[in-house]
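Numbering starts at 1 and runs along the sequence shown. Every value quoted in this text rests on a predicted model; they were computed, and no experiment measured them.
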Amino acid sequence: MPDLPAEPSDGADREAGPETRIPWPLATGLGLQLAGMVLPGAVLIPTVVFRSASQPEEVVLWAVFASLAACGATTMLQAQRLGRFGARYLIVAGASGATIAVSIAALEAGGPALLAALVLAMALLQLGLSLRLAPFRSVLTPTVTGTIVMLVPVTVTPVLFEQMNNVPPGTSPAAGPLCALVTLATVAGIMLKARGSLGLWAPVIGIVAGSLVAAGFGLYDTARIQDAPWVGVPTAVWPAVDFDLELGTAFWSLLPTFLFVGLVCTIQTTSGAVAIQRVSWSRPRAVNFRAVQRAVAADSAGNLLSALAGTMPLGARPNGAAMAEATGIGSRSIGIAAGVAFLALACLPKALAVVLAVPGPVTATFITLTMATIFIVGVKMVVQDGMDPRKGVIVGAAFWIGVGFEHGAVFPDFVASLTGGLPINGIVAGGVAAILGTLFVELTRPRTRTTEVALDASSLPQIREFIADFASRSGWDERMAARLDAVSEETLLTLLGREETATGPRRLLVAARREDGGGAMLEFLSARGDENLQDRIALLGEASAGSTRLEEEVSLRLLRHLASSVHHQQYYDMDVVTVRVEPPRRTPHAT
């Protein structure tokens, strides 16, 4: 797949980012590690889903194969870029745990054909959201996405803890704990104390050490490896070719649940795309929401493949962000290597058997360490956006609501009667709670005033009149009104400087509201430009780019001086510049 030119908004800072070129042996090794992190879920989740729905064994084998192949293709697409598909970041795809319950229900109601039709509907929903993501910016905030990332380990760790005790009957009681302890001590010890490249190989070394201990107790399944063929694919009939075009009651009854779960999966992908951008660069950068849009679009393409193949949905996994956080390397080359590894393992049963033969205590311990890192990534996403009492309440309540629903502790009988017996995933419950809390805060804010003008210098008098009226209605003095007027002027001039190459008339929507803390929040919604203002303002203290015009740099410096914060969200259909302005401090009178 050919690479398209990198977006100008990705910047020129390449010393430690997704475009970093690393040696292919290192990329291959890290890609195999990343594939190993996701592989147990990518194999076990579809296996559990199709077997729980009493599907024939040949259908189960085909579902596992198709799931691995779709995950590999989607992971490679995320690392590349094809038009508006692919984030061009290290984002790995895996079977979606949030869709387990609804996938089982679909298979029981109508088999693989019904599941394929519902997954196709989910893919179309995600495609639509990827094209129009900007209107959801007030909902898909770092508070919501960070909370969902924090809940990912909550939904996985109960299964992992059970796997730590997954040993054959008659095995020594010390076998499981000893395998887990050796794996934990090896991985954690190397990551905490090792220097240089040795730390990058801590997971592989830990798995090998744990597997050697397991082999001493007879837990490593060598028979599985011996019986598996070298190369091959399942010979089952392709189940998705029998799409039921006359969609019946089962489809329409399950469609709302599938679409909501699809929204949750989209939020997970958004969270993962934001998280990988947070940890991929050597210095903080503004989130590129065009890359987020492309990540969601790539997920929709992956689910289209899953629908056509007749397997369950997939979604972006946060393991790539966890690896970048732990290793300091976020090169997208690792994603390409991981995708190739998925495709190879899908067609190499013996190689897949080598991984599947690793006993449960070793695999569970390794993934538990990864989940701990993922939890911290979610915490950082929430904290980096700024924490206040309202966000604290939303994050805390949503997180513990998710924990409660995941463990069936929140009115289980009543909830089961509402959902028809389907359990509510912790990510779904916590995500809904975070979204509702965020919407409540947005709807109860002071009234927002808006005006729409042409994106042109001639519109400055209209904007000034609008800002003056807003300041007067808010009860601010002349100093605050003058500051708001100056911020509006500098923002408009900066946007105009970035729109010179655009063709056709452009519109600018200006929104203003008074914040509870006494400040003002101004939003400028316009057609997209090429550079991120937030990054440009952050870089003003460093050497300026030679191509930057003096007038634009002066405007940015004034904007930084006048505003307490500037956030720039870039989408394909619009740019959103949010500026917070605090009232000038009163100077005490001399005595």
Side-chain angles (χ1 to χ4, degrees), residues 3-23 26-27 29-31 33-35 37-38 74-81 85-94 142 145-146 149 152 191 197 199-200 203 268-299 316-339 370 373-385 531-532 534-536 538-539 567-570:
D3 285 352
L4 297 181
E7 294 181 348
S9 59
D10 287 340
D13 175 23
R14 301 299 185 199
E15 72 274 9
E19 301 296 332
T20 302
R21 296 184 180 276
I22 60 176
L26 179 60
L30 293 176
Q33 288 186 40
L34 190 57
M37 294 180 191
V38 184
T74 306
T75 300
M76 294 178 67
L77 177 59
Q78 293 284 23
Q80 300 285 327
R81 181 184 168 192
F85 293 85
R88 208 176 174 87
Y89 277 90
L90 176 55
I91 300 177
V92 62
T145 55
V149 171
V152 170
M191 293 183 67
S197 61
L200 303 178
Q268 282 185 273
T269 301
T270 301
S271 303
V274 171
I276 190 62
Q277 293 190 54
R278 296 284 191 190
V279 299
S280 290
W281 300 97
S282 59
R283 55 190 174 190
R285 297 172 62 90
V287 175
N288 182 354
F289 281 90
R290 296 177 206 167
V292 175
Q293 287 180 277
R294 296 198 304 269
V296 175
D299 246 20
R317 310 303 301 163
N319 303 78
M323 171 169 283
E325 173 78 3
T327 64
I329 300 177
S331 173
R332 61 189 183 87
S333 301
I334 302 172
I336 298 174
T370 303
T373 308
I374 290 172
F375 179 83
I376 298 302
V377 170
V379 172
K380 286 186 175 182
M381 291 173 61
V382 173
V383 174
Q384 287 177 353
D385 187 55
E531 288 185 293
N532 190 285
Q534 188 176 338
D535 284 336
R536 290 289 297 118
L539 291 173
H567 294 285
H568 186 190
Q569 295 176 311
Q570 294 174 288

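- One distance of note links OG of Ser333 with CZ of Arg21; it measures 7.5 Å at 0.5 Å rounding.
- The structure places CZ of Phe289 at 13.5 Å from CZ of Arg294, a figure rounded to the nearest 0.5 Å.
- Thr75 approaches Ala338 most closely through the heavy-atom pair CG2-CB, 4.3 Å.
- Taking CZ of Arg332 as the start and CZ of Arg81 as the end, the distance is 11.0 Å to the nearest 0.5 Å.
- Remark: Thr74 engages no residue in a side chain to side chain donor-acceptor pair (under 3.5 Å) (not counting sequence neighbours).
- Of all heavy-atom pairs between Leu77 and Phe85, the closest is CD1-O, 3.9 Å.
- Annotation for Gly335 and Leu90: closest pair N-CD1, 3.3 Å, computed over non-hydrogen atoms.
- Gln78 places a side-chain N or O within 3.5 Å of a backbone atom of Ala87 that can act as its donor or acceptor partner.
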Q: Report the C-alpha separation of Ile334 and Ile22 in whole Å, then their side-chain angles, then the decisive distance to 0.1 Å, and conclude whether the side-chain contact (heavy atoms from CB on, under 4.5 Å) test is met.
A: CA-CA 9 Å; Ile334 302 172; Ile22 60 176; 3.9 Å; yes

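- A pairwise comparison of heavy atoms in Gly31 and Ala337 identifies CA-CB, 4.0 Å as the closest pair.
- Considering all non-hydrogen atoms of both residues, Asp299 and Ala316 come closest at OD2-N, 3.4 Å.
- Here the side chain of Gln277 pairs a donor or acceptor atom with the backbone of Asn288 at under 3.5 angstrom.
- Nearest heavy atoms, Ala295 versus Ile91: CB-CD1, 4.0 Å.
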